[in-house]
2 protein chains.
Amino acid sequence: MTDAPERPKVATMFDVARVAGVSHQTVSRVLNDLPGVRPSTRVRVEAAMSELRYTPSPAARTLASRRSQTIGLITAGRPDYGPSNAALGFNEAARAAGYTVTQVSMREVDTESLRSAVAMMVRHNVSAIVLISGEREVIGAIGSIDLEVPLVSLASERVDGMHRVAINQFEGGRIAVEHLIGLGHRRIRHVTGLQDAMDAGERERAWRETLTAHGFPVSGPEIGDWSSESGYVAGVALAEEWRRETERFTAVFASNDQMALGLLHAFRDAGIRVPDDVSVVSVDDIPEAAHFAPPLTTLWQDFDGLGRDIMATVLDVLGDEEHAPDRTTRVPELVVRASTAPPPA
Amino acid sequence: MTDAPERPKVATMFDVARVAGVSHQTVSRVLNDLPGVRPSTRVRVEAAMSELRYTPSPAARTLASRRSQTIGLITAGRPDYGPSNAALGFNEAARAAGYTVTQVSMREVDTESLRSAVAMMVRHNVSAIVLISGEREVIGAIGSIDLEVPLVSLASERVDGMHRVAINQFEGGRIAVEHLIGLGHRRIRHVTGLQDAMDAGERERAWRETLTAHGFPVSGPEIGDWSSESGYVAGVALAEEWRRETERFTAVFASNDQMALGLLHAFRDAGIRVPDDVSVVSVDDIPEAAHFAPPLTTLWQDFDGLGRDIMATVLDVLGDEEHAPDRTTRVPELVVRASTAPPPA
DNA sequence: CAATTCTGGTCGAAATATCTT
DNA sequence: CAAGATATTTCGACCAGAATT
């Protein structure tokens with residue numbers, strides 16, 4: 001006996017056509033749901049397809065139609081909780097919609113790598129490119145590239161030339177600060193996220209405007225970069241100030257949970273009790289937040305839903321390029337735990 | 001004037017051939033580095049290629065050659081720190097090697113979704129499939145699928161029918177437990193990771209065998225699932241036991257940092273001081289670990305290197321299917337912080 | 001004859017034009 | 001002239017054998 005054939009040969013349109021007793025072109029028509037096929041023959045063809053376990057060849061399809069049913073996903077930066085979960089939600093949604101996802105992840109972003117990633121995706125005839133980053137520099141860089149494909153980006157600020165999706169970070173920040181104000185705080189400090197991040201900007205703006213609207217003082221903020229370490233550094237500075245001043249701040253709004261963890265660490269080192277001396281509220285509600293010392297009051301965000309929003313927007317865009325609506329209306333929800341309390345008397 | 005053409009037409013082999021004054025086949029030869037091309041004509045062809053900004057069409061290439069220079073990546077489960085960073089490292093390494101990555105992420109895994117993901121990838125003519133999961137059920141499920149493509153999986157236990165890559169978790173566990181023993185501990189408890197996870201199994205085995213080798217008692221372990229919440233639950237149980245018994249345990253080895261965080265929470269609630277009453281050591285060294293209360297002694301792991309190992313193994317496998325070596329020799333490194341100390345006198 | 005280079009067929013589907021009733 | 005189904009050409013590269021030096 002000779003060896004089995006190297007690769008199991010798969011059925012083609014012609015095989016299906018033969019079995020169904022029609023021409024290959026008719027097979028193509030039922031495949032693409034085109035009109036002009038009698039229901040009876042359509043059924044025959046479909047039967048033949050499933051009998052032969054026929055699956056169209058993506059490569060042939062792409063070559064002939066210049067469309068690949070693929071979406072390019074570019075993620076930039078470290079795999080933090082939010083972006084990772086949004087990417088996961090997007091990936092699942094894309095698959096559910098019948099799309100394949102080609103992913104390029106990069107820790108560091110420079111225009112050249114971005115350009116080559118985009119070029120590669122365009123060459124693969126992706127239907128759209130999705131960018132999960134949220135940093136202005138990255139978004140600006142990709143915006144400067146002449147991509148011949150629709151672009152959907154995670155971005156909480158308005159950006160020209162692309163469709164965007166976001167959770168309403170301004171509203172989230174407002175909720176956090178109002179929560180503190182509702183408890184009686186008025187001297188509320190802020191630790192920002194990465195300076196270049198749009199989400200961080202929106203939260204800072206919300207903090208500033210909410211305090212201003214109430215006529216409370218705006219001081220600071222401390223600059224962070226999302227990391228616990230930066231939160232710790234900010235916390236050390238804040239703790240020192242707290243010990244020095246008489247008109248002390250009584251609460252801090254941190255732009256994410258990791259930085260809040262660093263803050264708690266610094267405050268603990270400095271003998272500042274949370275929430276007795278200072279309240280802390282932050283953003284994300286990572287699964288660990290419930291077990292910080294003390295358990296963290298924070299804003300929960302639906303990252304999975306955000307990922308689905310991205311795919312929904314992609315589908316909108318593919319359906320009607322012009323008036324695809326941005327999806328930016330999801331609002332974070334406050335989860336109250338033990339890191340916030342009324343200010344000391 | 002009429003509109004500009006819908007899509008900018010890209011150059012083909014024929015265009016290059018015409019400009020270089022050769023046949024398309026010669027272009028193909030220089031493209032694929034095949035022999036039998038005079039250096040002088042090779043230069044002419046290359047000049048023509050760059051002049052026309054020629055890039056070969058992936059679709060046409062795949063169709064004709066049945067190879068796509070693509071690797072399929074399947075990730076299962078929540079995007080935790082380790083797997084996410086390994087996936088990132090892999091993605092960057094794959095790109096550096098000239099491969100495209102098609103990714104399927106799923107939160108929940110069932111055989112049917114796995115099967116369809118694999119089928120889709122095979123239909124796309126991927127060169128190999130990479131699985132990042134580490135759970136026996138998932139690995140078993142994909143192993144039961146007849147995939148006509150090499151499979152490389154993250155797996156710290158030996159598995160038939162696939163190549164595997166892993167960090168040496170047994171050795172890591174040994175290092176952690178020996179660290180505690182070196183400090184004077186002998187009653188050392190363990191909180192496992194997800195029961196079905198191979199990494200968790202290896203660490204548990206290391207804990208058990210190391211204690212046994214020293215003639216110390218093995219009691220427990222508590223069963224966790226990687227989450228802080230499960231660590232907290234285990235911690236509550238351990239704390240209660242600690243209060244009750246006279247022969248108390250003096251240290252706990254937790255299978256990851258998140259669970260250690262839950263442990264710390266439970267111990268704090270119970271008035272057990274870490275490290276004065278009980279020492280805690282765990283695994284991963286997530287960036288937050290340095291800011292836990294107290295800062296965590298834990299095992300750092302090179303997930304980025306792990307991701308690169310995966311790609312290196314893929315390249316080995318593609319080069320020589322049979323004797324591609326598994327890469328399982330990376331060893332975690334102990335990072336000593338403030339959660340471990342000698343046992344109370 | 002060996003080293004090059006060329007011609008023509010192939011991959012599997014889509015798109016368009018062309019018959020049938 | 002509609003519908004329905006059939007031929008033919010095209011997408012852009014790979015591959016084998018033929019033709020050229």
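Throughout, a chain's letter reflects where its sequence line sits, starting with A, and its residues are numbered from 1.
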- The residue, Leu31(B) or Ser40(A), whose nearest nucleotide of DNA chain D is more 5′ is Ser40(A)
- Item | Close side-chain approach of Leu131(A) to Leu154(A), heavy-atom, < 4.5 Å | no
- Query: Is there side-chain contact between Val152(B) and Val165(B), with heavy atoms separated by less than 4.5 Å?
  - Reply: yes
- Which of residues 42-61 of chain B sit near DNA chain C, with a heavy atom under 4.0 Å from it? none
- Those residues of residues 117-125 of chain A lying under 4.0 Å from DNA chain C by at least one heavy atom: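 Output list: empty, so none.
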- Task: Output yes when a side-chain donor or acceptor of Asp15(A) lies under 3.5 Å from a complementary backbone atom of Thr12(A), and no otherwise.
- Result: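 Looks like yes, one N/O pair under 3.5 Å.
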- Atom CZ of Arg123(A): over 12 foreign heavy atoms under 6.0 Å: yes
- Message: Rounded at 0.5 Å granularity, tell me how far CZ in Arg44(A) sits from CD in Glu51(A).
- Response: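 Reported to 0.5 Å precision, the distance equals 12.5 Å.
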- Can you tell me if the side-chain N/O atoms of Arg66(A) get under 4.0 Å from OP1 or OP2 in dA15(C)? no
- Contact class for Val22(B) (heavy atom, under 4.0 Å): base, sugar-phosphate, or nothing? sugar-phosphate
- Using a 4.0 Å heavy-atom cut-off across all strands, classify Arg29(A) as base, sugar-phosphate, or nothing.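 No contact.
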- When you get a sec, tell me which of dA15(C), dT5(C), dC11(D) is the closest nucleotide to the side chain of Thr41(B)? dT5(C)
- Item | Among dT6(D), dT5(C), dA14(C), the nucleotide that comes nearest once only the side chain of Ser65(A) is considered |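 Ranking dT6(D), dT5(C), dA14(C) by closest atom to the Ser65(A) side chain puts dA14(C) first.
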- Message: Please identify which of these residues, Glu108(B), Met106(B), Glu112(B), meets the side-chain contact (heavy atoms from CB on, under 4.5 Å) condition with Asp110(B).
- Response: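 It is Glu112(B), the one option of Glu108(B), Met106(B), Glu112(B) that forms the side-chain contact (heavy atoms from CB on, under 4.5 Å) with Asp110(B).
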Restricting to nitrogen or oxygen on both sides, can you table the protein-nucleotides 7-10 of chain D pairs closer than 3.5 Å?
{"from": "dT8(D)", "atom 1": "O4", "to": "His24(A)", "atom 2": "NE2", "distance (Å)": "3.1"}

- List the atom of Met311(B), the atom of Ala97(B), and the distance in Å for their closest heavy-atom pair.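 For Met311(B) and Ala97(B), the tightest heavy-atom pair comes out as CE-CB, 3.9 Å.
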- Between Thr313(A) and Arg327(A): side-chain donor-acceptor atoms closer than 3.5 Å: yes
- Task: Verify the distance criterion only: is there a donor paired with an acceptor across the side chains of Arg107(A) and Asn91(B) at less than 3.5 Å?
- Result: no
Within this structure, what is the [atom1]-to-[atom2] distance between [X] and [N], rounded to whole angstrom?
X        : N       : atom1 : atom2 : answer
Asp15(A) : dC11(C) : CG    : P     : 11 Å
Asn32(B) : dA16(D) : CG    : C1'   : 15 Å
Leu34(A) : dA15(C) : CG    : C1'   : 10 Å
Arg67(A) : dA13(C) : CZ    : P     : 16 Å

- Pick the nucleotide of DNA chain C nearest each of Thr26(B) and Leu63(B); which residue has the one closer to the 5' end?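 Comparing both residues, the 5'-ward one is Thr26(B).
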- Query: Pick the nucleotide of DNA chain C nearest each of Met13(A) and Val37(B); which residue has the one closer to the 5' end?
  - Reply: Val37(B)
- Parallel, tilted or perpendicular: which fits the ring planes of His24(B) and Phe14(B), with parallel below 30° and perpendicular above 60°?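 Because their plane-to-plane angle is under 30°, the rings of His24(B) and Phe14(B) count as parallel.
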- Query: With a 4.0 Å cut-off, would you call Arg42(B) and Asp33(B) a salt bridge?
  - Reply: yes
- Message: One thing to verify: whether Glu157(B) and Arg136(B) come together as a salt bridge, which I'm taking to mean a side-chain N less than 4.0 angstrom from a carboxylate O.
- Response: yes
